[in-house]
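What follows is one structure encoded as structure tokens, with my remarks underneath.
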Amino acid sequence: MSIDRDEIEISLKARCEAIRKVSIEVNMKNENLYNYILGIADNSLILGQRMGELCGHGPTLETDIACTNISLDLFGQVRSYFQYASKIAGDGRTEDDIAMLRKEREYINVLLVEQPNTDFAYTMARQFLFDVYHLAFLVELQKSADLTLSAIASKSIKEVSYHERFSSDWVKRLGDGTEESNTKMQEAIDALWTYTDELFHQTEADKAMVAEGIGVDVTKLKDSYYRHVSELLEEATLQVPESKYFQKGGKEGIHTEHLGYMLAELQYMQRTYPNMEW
Amino acid sequence: MSDEQIKNLEEQFEARIARDEKIEPKDWMPEKYRQTHIRQMSQHAHSEIVGMLPEGNWITRAPSLRRKVALLAKVQDEAGHGLYLYSATETLGISRDEMYEQLHTGKAKYSSIFNYPTITWADMGAIGWLVDGAAIINQVPLCNTSYGPYARAMIRVCKEESFHQRQGFEIMLKLCNGTPEQKEMAQDALNRWWWPSLMMLGPTDAESIHTEQSMKWKLKRKSNDDLRQQFIDQTVPQADILGLTIPDQDLKWNEERGSYDFGEIDWDEFWQVVKGHGPMNRERMKARVGAWERGEWVRDAAMAYVEKKQERKEKQAV
Amino acid sequence: MSTKNWPLWEIFVRSKNGLEHRHCGSLHATDAEMALENARDVYTRRNEGVSIWVVESKNITASNPENNGELFEPAQDKVYRHPTFYDLPDEVKHM
């Protein structure tokens, strides 16, 4: 039997090429999944950090404790997401490396969650505008083909349902409370409204993950989001903002000026004392 | 009531406490008992919530997510403990708002230790290890104090606090097993927190004005000096495990006493801080008063909302 | 100055089904709904409960300790309400 060396060579080359292609696809898929997880987790990370700032400074002890609970829930979610992301990255980076050692442009949270605790109206308005989205998002993520994400979503839904109730109640209290609180809540809603549209933007990772049956198609959540939010604002005797001008960029790592200062604190220890265990 | 009758009631009252009976809110009690309890319990509550500030200072900068959630949970517990204690004090006929008022105007005191700054991450370890360690020594006997609501609140507090000191010691341990820079950070924190922790257990017995009465009412089971000795004796071996040096040249095991001898405490510093001139007294009060004032419109709005809702309901019913 | 303080509520928590609700403390809230939420955050942070009751403190009527004599002492000598009052032969077990 004669062996055609050329033929073998060709077939080997083809095989290598095929394997390379598959591994690129796996890498791409992993990279998309990794970025997708970061997109979800960064929202919880930055909002958790904002809520953490309030600990000890709330309007009553009871509210203080409640806000810290929200922060703790969010950080709990963050840890689950980043531990999973760390496994996918497989390059030895830990949850803390991912959380604390990226550059500003590499954080891909939405702009809404990084807005400061200007006053309690801003804090609750921000929470409410995010919670309504977050809950709807998690309900969909629960159906993800990725079992880890689906499991994290199932656990988080219980926490976020409570957040949503808590923040909605406060929007109603402040909206329909005193004249002063109504003014303040209206101002907060007006100021933060411009960041709501970004919640429904799709990134490349989003699109890829939706195609895989892993990700949530956020564009489909938009209508019911605005319907729900508007109804609640009306119940709270607040005006639904009419502005059609929206800010975006967070999902591409282009943030407001506030994020840099947050990261300076979040990353301080890891940057000042690199490669140490705490 | 005649003086004679009051004296009689007082004798019965003291006898009840001596029999280890608990006093409950609606029971008759001498005015002095009520006032002393309001003072000590509210001071205890204030210490919890002012105590949130030095540690809260590091929440946003905690070095890892694990440390961050542990610290958040710990500071949140302090809010909870403040709340339990305020509630227990309210059974004596004073409102939480009145107690806040006393804190904010400087009439009421809180533990002096919280007037020191937390300047490095190791301070989170030192506070958990030393300050919570000293607090536990003070608090455990209070689970058995004579006033029922206080005793019950303390049982809850002590149960929950058990993780606090471990949390702090673990931070220290990690630093001491880390790089030389980390160990140095730990030693520096111990150097700064050691003496204030000893002062935290109160002035020496000779200077302490409330002790005798407090012993009778089981607000205190041991004298300040005894508590301090107990704290030192239990903490020195822990420092050895960490490989840290207690910043006291006179610290020496005394075979005869079965205890450590230790150096002179700088009581001038103690009284300076108590009187409001510590490094952070002003900042701490500013933070508390600020949070309260910034929250006023929020609290008012929440009340107004409920009243409106109630009115609407009543109108509908008519 | 705030016009009105948030009222005080008494909190009762059932730690697991089969057990009664037990008083565990109090807190401030504007209404029952908020009291329930606050109670959840304050008193069940460590899995302490499966059910919560809240009652506004002012709605609790308590007996007056001054009347303890007439209220509770008369029950002290009614020993016949207790099983040990009755003499039974040893042969009768478990009654």
Side-chain angles (χ1 to χ4, degrees), chain A residues 48 51-52 54-77 119-121 123-124 127-128 131 135 155-182 184-185 232 235-237, chain C residues 1-68 71-72:
Chain A
M51 286 306 260
L54 278 182
C55 184
H57 306 275
T60 69
L61 266 183
E62 286 83 352
T63 330
D64 205 303
I65 293 170
C67 288
T68 308
N69 264 351
I70 292 178
S71 182
L72 279 169
D73 287 342
L74 291 169
F75 281 121
Q77 296 164 16
D119 62 20
F120 197 66
T123 300
M124 284 300 111
Q127 192 65 38
F128 166 68
D131 287 343
L135 184 57
K155 182 174 172 288
S156 308
I157 282 175
K158 292 173 196 136
E159 298 166 344
V160 174
S161 305
Y162 187 77
H163 303 174
E164 199 247 356
R165 185 145 62 106
F166 181 81
S167 61
S168 301
D169 282 351
W170 272 108
V171 170
K172 285 191 268 181
R173 279 187 199 111
L174 299 181
D176 195 13
T178 61
E179 217 180 299
E180 184 185 9
S181 72
N182 178 279
K184 287 195 150 102
M185 192 34 114
L232 196 120
E235 194 190 334
T237 68
Chain C
M1 193 55 201
S2 286
T3 39
K4 268 184 194 148
N5 301 334
W6 289 5
L8 192 67
W9 297 74
E10 299 302 322
I11 312 302
F12 301 81
V13 172
R14 185 204 292 287
S15 58
K16 63 178 188 197
N17 275 4
L19 296 178
E20 70 278 56
H21 284 77
R22 278 184 69 172
H23 182 245
C24 64
S26 51
L27 49 74
H28 290 271
T30 53
D31 59 4
E33 258 177 330
M34 196 206 266
L36 274 176
E37 290 180 6
N38 289 347
R40 176 259 193 195
D41 286 323
V42 172
Y43 288 106
T44 65
R45 295 199 303 286
R46 286 175 170 79
N47 253 326
E48 293 99 330
V50 294
S51 162
I52 302 174
W53 288 350
V54 298
V55 185
E56 197 173 342
S57 309
K58 69 171 188 202
N59 291 332
I60 290 183
T61 311
S63 64
N64 188 338
E66 274 173 35
N67 302 333
N68 276 9
L71 284 176
F72 307 117

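These numbers were taken from a predicted model, which means no experiment stands behind them. Quick note on labels: first sequence line is chain A, next is B, and so on, each numbered from 1.
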Note: Asp41(C) and Ile65(A) closest approach over all heavy atoms is O-CG2, 3.5 Å
* Asked: Counting only heavy atoms not in Asn47(C), do more than 12 sit closer than 6.0 Å to its CG atom?
  ->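 Incorrect, the count does not exceed 12.
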### Task
Determine whether more than 12 heavy atoms belonging to other residues, nucleotides or ligands lie under 6.0 Å from atom CZ of Arg46(C).
yes
Query raised in the report: Should Glu62(A) and Met34(C) count as side-chain neighbours, where that means a heavy-atom distance under 4.5 Å?
Result: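 They are not in contact (no side-chain heavy atoms under 4.5 Å apart), so the answer is no.
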*Answer whether the closest heavy-atom distance between the side chains of Glu33(C) and Asp169(A) falls below 4.5 Å.*
no
Below 4.5 Å from any heavy atom of chain C, which atoms of Thr60(A) appear? Answer side chain, backbone, both or neither.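 Looking at Thr60(A), just its side chain touches chain C.
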Any cation-pi pair here, Arg40(C) with Phe166(A), using under 6.0 Å and within 45°?
no
